[in-house]
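Structure first, then comments.
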Amino acid sequence: MKQLFSLIIVLILFQFSWAQTKSEIDSLNSLIVQDSKISSDSLLKIFQTNLKNSEKLNYEKGIADSNWQLSTIYSYRGKQDLAVEFMLKAIRAYEKAGNTEKAADSYGELGYKLKREDMEKAQFYMIKGKNIAEKGNYRFIQSRIYNNYGVLKEMQKQLDSAEYFYRKGLHIVLEDNYEIGIPYSYSNLAGIYGQQNKHDSARYY
């Protein structure tokens with residue numbers, strides 16, 4: 001099975017090393033990195049190649065998405081400096097392309113990535129993403145940022161603030177029926193109430 005995946009990756013790299021169209025670039029950038037059966041080394045090569053092809057075409061969306069993917073891969077590999085560097089590049093490209101929704105999401109992701117290294121910067125980027133998402137009414141992005149910002153508050157033992165943002169996130173996912181986000185919101189609230197010894201509420205959520 002691993003040999004088959006390796007062969008597939010070789011073919012993909014061969015085909016797309018010469019990619020010149022935006023649709024080909026977008027197709028590769030749509031690959032899901034999380035829990036992928038493709039090795040991180042192969043994914044790294046794919047998105048490095050995709051980034052180069054995007055730059056040749058001066059295709060800002062492709063540049064931004066490729067940088068996002070590279071940031072994610074470096075984060076999984078524990079190379080946090082590179083993860084931050086490539087996410088900042090993604091943000092600049094999204095802003096240049098006028099994609100404020102993805103810029104908001106990227107700021108939120110960057111803030112979350114920095115939560116253990118630099119809480120001050122983590123909050124700065126998270127708030128920036130939150131403000132953009134609220135202004136644009138990007139509800140899915142808002143729900144993600146509210147929950148992740150709640151995590152930052154929880155890490156600082158600001159449990160009332162954490163609960164406030166978890167509830168804001170829960171309100172959106174319930175109202176818009178974002179089924180994947182609902183259990184995360186419930187779990188976050190249960191954790192808060194557990195820390196406050198509100199065991200009935202913890203069990204409820």
Side-chain angles (χ1 to χ4, degrees), residues 22 25-26 29-34 47 50-51 54-55 58-76 80-156 158 160-182 184-185 187-189 192:
K22 294 178 180 180
I25 290 168
D26 289 341
N29 277 332
S30 68
L31 288 173
I32 299 174
V33 171
Q34 187 175 9
F47 295 119
N50 225 32
L51 177 58
S54 298
E55 290 171 340
N58 197 28
Y59 180 35
E60 291 299 335
K61 181 181 183 300
I63 293 170
D65 290 344
S66 297
N67 276 309
W68 174 292
Q69 294 282 42
L70 287 168
S71 175
T72 302
I73 293 167
Y74 283 123
S75 184
Y76 287 152
Q80 201 64 3
D81 288 348
L82 286 172
V84 170
E85 176 185 336
F86 280 93
M87 188 58 76
L88 285 169
K89 289 179 179 179
I91 290 169
R92 286 193 289 270
Y94 284 130
E95 290 178 332
K96 188 174 180 180
N99 191 337
T100 53
E101 184 171 5
K102 285 294 293 184
D105 197 17
S106 300
Y107 276 120
E109 283 294 305
L110 180 56
Y112 198 71
K113 286 179 189 295
L114 287 167
K115 65 185 182 295
R116 300 194 187 281
E117 284 77 21
D118 191 327
M119 182 61 74
E120 186 176 349
K121 283 186 178 180
Q123 292 194 122
F124 171 80
Y125 288 120
M126 192 79 74
I127 291 171
K128 192 158 187 174
K130 181 177 75 69
N131 290 342
I132 296 171
E134 288 173 344
K135 184 177 180 180
N137 196 31
Y138 307 132
R139 290 175 62 83
F140 177 69
I141 306 303
Q142 284 177 262
S143 69
R144 282 165 51 91
I145 290 177
Y146 290 150
N147 274 297
N148 287 338
Y149 194 45
V151 171
L152 267 59
K153 292 300 181 182
E154 185 176 349
M155 289 174 66
Q156 297 174 84
Q158 299 173 16
D160 288 342
S161 293
E163 180 186 355
Y164 172 78
F165 285 105
Y166 288 154
R167 285 197 172 278
K168 283 175 73 72
L170 177 62
H171 175 75
I172 291 176
V173 296
L174 287 176
E175 190 170 81
D176 294 359
N177 196 29
Y178 293 144
E179 293 184 357
I180 295 176
I182 291 171
Y184 287 102
S185 293
S187 177
N188 286 337
L189 282 168
I192 285 292

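Given the structure is predicted, the values throughout are model-derived calculations rather than measurements.
Looking at Asn67 and Ile63, their side chains come closer than 4.5 Å, going by heavy atoms from C-beta outward. When side chains are defined from C-beta on, Asp160 does not count as touching Tyr164, because their heavy atoms never get closer than 4.5 Å. Side-chain contact between Met155 and Arg116: present, with at least one pair of heavy atoms (C-beta onward) separated by less than 4.5 Å.
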Atom pairs and distances, side-chain donor-acceptor, residues 107-114, under 3.5 Å, sequence neighbours left out:
residue: Tyr107; atom: OH; partner: Glu95; partner atom: OE2; Å: 2.8
residue: Glu109; atom: OE2; partner: Arg144; partner atom: NH2; Å: 2.5

Give every donor-acceptor pair under 3.5 Å between a side-chain atom in residues 129-137 and any protein atom, sequence neighbours left out.
residue: Asn131; atom: ND2; partner: Ile127; partner atom: O; Å: 3.4
residue: Glu134; atom: OE2; partner: Tyr146; partner atom: OH; Å: 2.7

For Val151 and Tyr166, run side chain to side chain contact (heavy atoms under 4.5 Å, CB included): C-alpha distance rounded to whole Å, both residues' side-chain angles, the deciding distance at 0.1 Å, then the answer. CA-CA 8 Å; Val151 171; Tyr166 288 154; 3.6 Å; yes
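When all heavy atoms are compared, the tightest approach of Ile172 to Ser143 is CG2-CB, 3.9 Å. Here the closest non-hydrogen pair linking Ser54 and Gly62 is OG-C, 3.3 Å.
Among residues two or more places apart in sequence or in another chain, the ring pair (Phe, Tyr, Trp, His ring centres under 6.0 Å) test is passed with Tyr74 by Phe86. Listed by chain and number, the residues in a salt bridge (charged side-chain N to carboxylate O under 4.0 Å, His left out) with Asp118 amount to none (sequence neighbours excluded). Taking the ring pair (Phe, Tyr, Trp, His ring centres under 6.0 Å) definition, one finds that Phe140 meets it with Tyr178, sequence neighbours left out. Lys96 pairs by the side chain to side chain donor-acceptor pair (under 3.5 Å) definition with Glu60, not counting sequence neighbours. Residues passing the side chain to side chain contact (heavy atoms under 4.5 Å, CB included) test with Leu174, sequence neighbours excluded: Leu170, Ile182, Tyr186. Not counting sequence neighbours, the partners of Lys61 by the salt bridge (charged side-chain N to carboxylate O under 4.0 Å, His left out) test are Asp26, Asp65. Remark: Gln123 pairs with Met119, Tyr149, Leu152, Lys153, Gln156 by the side chain to side chain contact (heavy atoms under 4.5 Å, CB included) rule, at least two apart or across chains. Partners of Arg139 under the salt bridge (charged side-chain N to carboxylate O under 4.0 Å, His left out) rule, at least two apart in sequence or in another chain, are Glu175, Asp176. The salt bridge (charged side-chain N to carboxylate O under 4.0 Å, His left out) test applied to Glu55 returns no partner, not counting sequence neighbours. Evaluation of the side chain to side chain donor-acceptor pair (under 3.5 Å) rule for Ser161 yields no partner, not counting sequence neighbours.
Checking Thr100 against Tyr138 by side-chain atom types alone, a donor-acceptor pair falls below 3.5 Å.
With Asn147 contributing its side chain and Gly169 its backbone, the two residues share no donor-acceptor pair below 3.5 Å. With hydrogens and angles disregarded, no donor-acceptor distance shorter than 3.5 Å links the side chain of Ser75 to the backbone of Ser71.
Residue Ser185 holds its OG atom at 12.0 Å from NE2 of His171, rounded to the nearest 0.5 Å. Taking CG from Leu82 and CG from Leu70, the interatomic distance works out to 9.5 Å, rounded to the nearest 0.5 Å. Ile91 contributes atom CD1, which lies 8.5 Å from atom NZ of Lys128 (distance to the nearest 0.5 angstrom). In this structure, OH in Tyr94 is found 6.0 Å from CH2 in Trp68, a value given to the nearest 0.5 Å. To the nearest 0.5 angstrom, Lys121 atom NZ is 15.0 Å from Met126 atom CE. Separating the CG atom in Asn50 from the CD atom in Gln69 is a distance of 9.0 Å, to the nearest 0.5 Å.
Around CG of Asn177, the count of heavy atoms belonging to other residues, nucleotides or ligands within 6.0 Å exceeds 12.
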